[in-house]
There are 2 protein chains.
Amino acid sequence: MSIGSQVEKARQYCEQKGARFTHLRETVYALLLDKEGAVGAYDLLDTLKETETNAKPATVYRTLDFLLEFGLIHRLESTNAFVACHHFGCSHPVQFLICDKCGLVKEIQSEGLQDTLVKQAESYGFQVSKQTIEAHGLCSACQ
Amino acid sequence: MSIGSQVEKARQYCEQKGARFTHLRETVYALLLDKEGAVGAYDLLDTLKETETNAKPATVYRTLDFLLEFGLIHRLESTNAFVACHHFGCSHPVQFLICDKCGLVKEIQSEGLQDTLVKQAESYGFQVSKQTIEAHGLCSACQ
DNA sequence: TATACTTCGCTAAAATGTAACGATAAATGT
DNA sequence: ACATTTATCGTTACATTTTAGCGAAGTATA
Ligand SMILES: [Zn+2]
Ligand SMILES: [Zn+2]
Ligand SMILES: [Zn+2]
Ligand SMILES: [Zn+2]
């Protein structure tokens, strides 16, 4: 799906939920969609400055917070970076394959993985509310 | 196992590998063993300063780097915190259950979980070298 | 318009993490 | 014992990542 139509989908999703998909939010989301991999907040800030000349760290973090809250993007804990989600709306477990050579980030949804984790946790009496699964390695192109 | 004997086990493990288990390293490892949960680097620094008056951020991070390298501790990516490993030596996948209420961190080793992730990754042609699995939620005592 | 609410620009600072360099201290070879 | 090498430590300074606070500007609602 093209970036443009993905952005439109995001706009409709936000407005349907009563949230404003402002120019900043649209711009940042589009920037992230434009990448194969994840982008750090300050790299994002540098890019953003090209069009939004008065962008500051707080600008980026506030915008990222919004996008995170509405599930339009995810945060990679192992690299302090952010990546666009292409299928927001459907609540889904978040699992990533991260290539340490080319930076590619592949978001997967393995129900099996999710189930295995939740079952393991239950066997310890533990109730899972949010999981972080990030596998680092090499993508097929980089091996 | 008591903290003392766990520290001794660590000392022997390090020396057997030709590494020096110095006073600083022992102290930091013991501090981490003494916690149910994970500790941030600067909290650790505050505690460390009580006995090592000239400890600085670099002191802590260098020590943590050593302990990480030898597998005596793990780093939680989702909370920027460190937790002692009680069964170093046996190479094991690293998976955590983290209670968001009381801070308890339970390290588990589910081969099934590891296998499921690796198999999923392989189906995308992806070769995993290191995985991060951290499940947040509530422990049995906190539900 | 009046009102409430959200977003934004800006400043500052907190929290987290590293690089660099010389001084000690320990291991190694003679 | 002595010199040589290596690892660790103390210190300083800096880099990176993230958040708090405040008032101005924009937006919805009545
Ligand atoms: Zn997603
Ligand atoms: Zn790659
Ligand atoms: Zn472990
Ligand atoms: Zn708990």
Side-chain angles (χ1 to χ4, degrees), chain A residues 10-11 13-29 31-32 37-70 72-83 103 132 134, chain B residues 10-11 13-29 31-32 37-70 72-83 103 132 134:
Chain A
R11 171 186 309 287
Y13 180 67
C14 287
E15 290 178 351
Q16 165 208 326
K17 292 194 123 195
R20 289 157 58 192
F21 197 59
T22 65
H23 175 64
L24 263 178
R25 292 163 181 178
E26 174 175 336
T27 306
V28 169
Y29 182 57
L31 284 179
L32 285 175
V39 189
Y42 276 71
D43 285 348
L44 207 47
L45 176 56
D46 287 341
T47 311
L48 190 61
K49 274 180 175 164
E50 292 173 8
T51 59
E52 319 294 315
T53 49
N54 44 12
K56 298 278 183 323
T59 317
V60 170
Y61 279 102
R62 264 197 306 232
T63 308
L64 291 172
D65 281 347
F66 173 89
L67 296 173
L68 283 171
E69 186 182 344
F70 282 81
L72 299 177
I73 65 174
H74 299 293
R75 176 193 161 88
L76 299 194
E77 304 290 356
S78 57
T79 54
N80 298 329
F82 302 85
V83 61
T132 299
E134 300 178 11
Chain B
R11 172 187 306 287
Y13 179 67
C14 286
E15 289 179 352
Q16 165 207 329
K17 291 192 123 195
R20 289 160 55 193
F21 197 58
T22 65
H23 175 65
L24 263 177
R25 291 164 182 176
E26 174 175 337
T27 305
V28 170
Y29 183 57
L31 283 177
L32 285 175
V39 188
Y42 279 73
D43 284 348
L44 207 46
L45 176 56
D46 287 341
T47 310
L48 191 60
K49 274 180 176 162
E50 292 172 8
T51 58
E52 320 293 314
T53 49
N54 44 11
K56 299 277 183 325
T59 317
V60 170
Y61 279 103
R62 267 196 303 230
T63 308
L64 290 172
D65 281 347
F66 173 88
L67 296 172
L68 282 171
E69 188 182 343
F70 282 81
L72 299 179
I73 65 174
H74 299 294
R75 177 194 161 88
L76 299 194
E77 304 289 356
S78 58
T79 54
N80 298 329
F82 302 85
V83 61
T132 298
E134 299 176 11

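It should be emphasised that the depicted structure is a prediction, and the values quoted were computed from it without experimental measurement. To find a chain, count down the sequence lines: A is the first, B the second, and so on, and within it residues start at 1.
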Interatomic distance, CZ@B:Arg75 vs CG@B:Leu67, rounded to 0.5 Å, equals 14.0 Å

Shortest non-hydrogen contact between B:Ala41 and B:Val60, atoms and distance: O-CG1, 3.7 Å

Calculate, to the nearest 0.5 Å, the distance between atoms OG1 and NE2 belonging to A:Thr132 and A:His74 respectively. 11.5 Å

With sequence neighbours excluded, tell me which residues meet side chain to side chain contact (heavy atoms under 4.5 Å, CB included) with B:Thr79. B:Leu76, B:Ala81, B:His136

First-last contacting nucleotides on DNA chain C - partner chain B, under 4.0 angstrom, heavy atom: C:dT16 to C:dA26

Atom pair distance, as rounded to whole Å: CG in A:Leu64 and P in D:dT17: 13 Å

Return no unless some side-chain N or O of A:Tyr42 is found under 4.0 Å from OP1 or OP2 of D:dT17. no

By side chain to side chain contact (heavy atoms under 4.5 Å, CB included), which residues pair with B:Arg11, not counting sequence neighbours? B:Glu8, B:Glu15, B:Phe21, B:Glu26

Separation of atom CD in B:Glu77 from atom P in D:dT18, rounded to whole Å: 12 Å

Double-helix bend of the helix from C:dT1-D:dA30 to C:dT30-D:dA1, axes at both ends from 5 pairs, round to 10°, gives 30°

Interatomic distance where CG belongs to B:Asp65 and C1' belongs to D:dA7 [whole Å]: 15 Å

Here the distance between atom P of D:dT16 and atom CG of A:Asp46, to the nearest Å, is 10 Å

Contacts of type side chain to side chain donor-acceptor pair (under 3.5 Å), residue B:Arg25, not counting sequence neighbours: none

Residue pairs involving residues 41-66 of chain B (criterion ring-ring contact (aromatic ring centres under 6.0 Å, His included); sequence neighbours excluded): B:Phe66-B:Phe70

Nearest 0.5 Å, what's the CG-CD1 distance between A:Leu32 and A:Ile73? 5.5 Å

Output a table of nitrogen or oxygen pairs between the protein and nucleotides 10-15 of chain D separated by less than 3.5 Å.
| unit_1 | atom_1 | unit_2 | atom_2 | d |
| --- | --- | --- | --- | --- |
| D:dG10 | N7 | B:Arg62 | NH2 | 2.6 |
| D:dG10 | O6 | B:Arg62 | NH1 | 2.8 |

Atom CG of A:Leu72 and atom CD of A:Glu69: how far apart are they, to the nearest 0.5 Å? 10.5 Å

Would you say B:Ser78 and B:Glu134 are linked by a side-chain donor-acceptor pair, where the criterion is simply a distance under 3.5 Å? yes

Within residues 14-23 of chain A, residues whose heavy atoms come under 4.0 Å of DNA chain C: A:Arg20, A:Thr22

Pairs under 3.5 angstrom only: tabulate donor-acceptor contacts from the side chains of residues 44-53 of chain A to other protein residues two or more places apart or in another chain.
| unit_1 | atom_1 | unit_2 | atom_2 | d |
| --- | --- | --- | --- | --- |
| A:Thr47 | OG1 | A:Asp43 | O | 3.1 |
| A:Thr51 | OG1 | A:Leu48 | O | 3.4 |
| A:Glu52 | OE2 | A:His23 | NE2 | 3.0 |

Please find the pair of heavy atoms, one from A:Val83 and one from A:Gly37, that lie closest to each other, and give the distance. CG2-O, 4.1 Å

What closest approach, in Å, do A:Thr59 and A:Leu24 show between heavy atoms, and which atom pair accounts for it? CG2-CD1, 3.7 Å

